[in-house]
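A short worksheet on the structure shown next.
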Amino acid sequence: MKRILITSIVAFSAISSFAQNADQALARVRYTYIHLQDTTQKDKTHKENMLLVTGKNASVYTSYDKLNQAVNTKKQIEEQLRNQTGSSNMKIEIKSEMKSPTTAVDYFFFANERKMFSKEKLLNNYLIEENAPQIDWKIVKDTMSFSGISCQKATAKFKGRNWIAWFATEIPFQSGPWKLNGLPGLIVEAHDEKNEVKFEFAGLENVTAEDAKNTPDGDQKITMPNGMPGTIKITGIETSTTYLGSEIKLPTDAIKTTRKDLDKLKAARDKDPQGFMQAQMAANGIQGTFKRSVSTPTGQPIVKRVINNPIELPEKK
């Protein structure tokens, strides 16, 4: 039997059960997320492509750039497996060439149940369940068109910021980017009054039955090449493209936790990333080594970003 040592990859499954049913994906909305994260460098903003997949009841908001990285990571693994076919000791090294870090948290919103789930990946997928925020929107008469979509204006105080949102009643979804939701129509654009955080509309497409049939529900499994039996289940790095499928659903391999416990895990990871991963792998009975090469397109290491202006601010009393 061949022994396979896979860098950054561990096989582990912890199933959690949640009451929320899957919802059919009806539309995919793309946003450009612009955020002044460091107020000491006002000429440098974080910019990222984001994706909202929405249905009648549920939606999921994630980083579109992160999804593209997942596709590229899966291709890297498959290519390296093909190149090492016949070896008795396989080793995979993941190289992530990204301009800046992507948003780590995905948000699942269930309108009927008024539930919000935050998903983060450390080694495994973790889910934090909470009541969906009740945003006290004030709808005004102002209107504006975005790429031919007629929208109406709404304002609200939420998470320490004064928000201005533009929603389309002709697109009857209660969802929007990030945690913004609860209007009688899709939130097409939104920004805070200081323009420090913006969600700019970048496109919308309907998910048709044909699209759903031709778009695989990308999971975290890779088929072994050249007749080698079985598949490899990927955990510990983001390789899933499930959000591009036909359903909106919570990950079946997620572990339910609390914000306090997850923060403890993240602190341990940040203090010693390699030691954290090795310890987690050993705890799950996995043999292997952890090594991940992360660099910019020019080969320089990524500088950890400074965030002194988070999207959520303390509420003013």
Side-chain angles (χ1 to χ4, degrees), residues 20-34 47-72 74 102-103 105-117 119 132 135 137 139 143-154 163-191 198-219 238-252:
Q20 278 63 37
N21 294 322
D23 194 18
Q24 181 183 355
L26 298 176
R28 299 188 186 108
V29 191
R30 289 181 289 110
Y31 300 92
T32 302
Y33 167 46
I34 304 170
K47 190 173 182 179
E48 189 174 350
N49 298 303
M50 310 300 290
L51 178 69
L52 175 75
V53 183
T54 185
K56 290 182 179 179
N57 176 53
S59 65
V60 57
Y61 175 75
T62 188
S63 167
Y64 193 65
D65 290 340
K66 183 171 65 177
L67 289 180
N68 285 330
Q69 288 176 20
V71 172
N72 291 333
K74 196 169 184 178
T102 54
T103 299
V105 186
D106 300 337
Y107 296 100
F108 293 82
F109 170 57
F110 294 86
N112 294 343
E113 297 85 350
R114 298 304 306 172
K115 289 291 184 181
M116 179 79 74
F117 291 85
K119 188 214 105 177
I135 304 175
W137 292 105
I139 297 176
T143 60
M144 188 178 292
S145 178
F146 298 90
S147 299
I149 301 173
S150 179
C151 296
Q152 191 169 351
K153 184 179 180 180
W163 286 94
I164 298 167
W166 297 91
F167 68 98
T169 55
E170 65 185 66
I171 308 175
F173 302 124
Q174 299 181 49
S175 50
W178 182 51
K179 296 182 179 181
L180 301 176
N181 61 74
L183 282 165
L186 175 73
I187 297 176
V188 173
E189 284 216 10
H191 63 87
K198 302 177 186 178
F199 300 99
E200 296 181 349
F201 180 67
L204 180 148
E205 62 181 9
N206 294 325
V207 180
T208 65
E210 191 66 21
D211 291 336
K213 183 174 65 174
N214 293 330
T215 304
D217 285 331
D219 57 17
E238 194 70 71
T239 60
S240 177
T241 54
T242 305
Y243 302 151
L244 300 178
S246 59
E247 288 186 319
I248 302 163
K249 55 188 177 182
L250 295 172
T252 57

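We use all heavy atoms of the structure for the numbers below, so side chains are in, but hydrogens, waters and symmetry mates are not. What you are looking at is a predicted structure, and each value in this text was computed from that prediction instead of being measured.
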Full working for side-chain contact (heavy atoms from CB on, under 4.5 Å) between Ser175 and Leu52: CA-CA 8 Å; Ser175 50; Leu52 175 75; 3.9 Å; yes

Find the distance between NZ (Lys153) and CD1 (Ile164) and round it off to the nearest 0.5 Å. 5.0 Å

Give, for atom CG of Leu183 and atom CH2 of Trp166, the distance between the pair rounded to the nearest 0.5 Å. 12.0 Å

On a heavy-atom basis, the closest approach of Phe167 and Gly185 is CB-O, 3.8 Å

Is there a side-chain contact between Arg114 and Phe109, using heavy atoms and a 4.5 Å cut-off? yes

Can you find a pair of side-chain heavy atoms, one from Asn68 and one from Asn49, that are under 4.5 Å apart? no

If the test is side-chain contact (heavy atoms from CB on, under 4.5 Å), which one of Lys47, Met50, Lys198 qualifies with Thr32? Lys47

Write down the atom of Ser59, the atom of Ile248, and the distance for their closest heavy-atom approach. C-CG2, 3.9 Å

Check whether any side-chain heavy atom of Asn57 lies under 4.5 Å from a side-chain heavy atom of Phe110, and answer yes or no. yes

With side-chain contact (heavy atoms from CB on, under 4.5 Å) as the test, pick out the partner of Ile187 among Trp137, Phe173, Trp163, Phe199. Trp137

So Glu247 and Asp23, do their side chains get closer than 4.5 Å, heavy atoms only? no

So Phe146 and Phe201, ring-ring contact (aromatic ring centres under 6.0 Å, His included) or not? Walk me through it. CA-CA 7 Å; Phe146 298 90; Phe201 180 67; 7.5 Å; no

The reported gap from CG in Asn181 to OH in Tyr107 (rounded to nearest 0.5 angstrom) is 12.5 Å

What is the minimum heavy-atom distance between Asp106 and Ser63, and which atoms define it? OD1-N, 4.4 Å

Which heavy atom in Leu186 sits nearest to a heavy atom in Tyr31, and how many Å separate them? CD1-OH, 4.0 Å

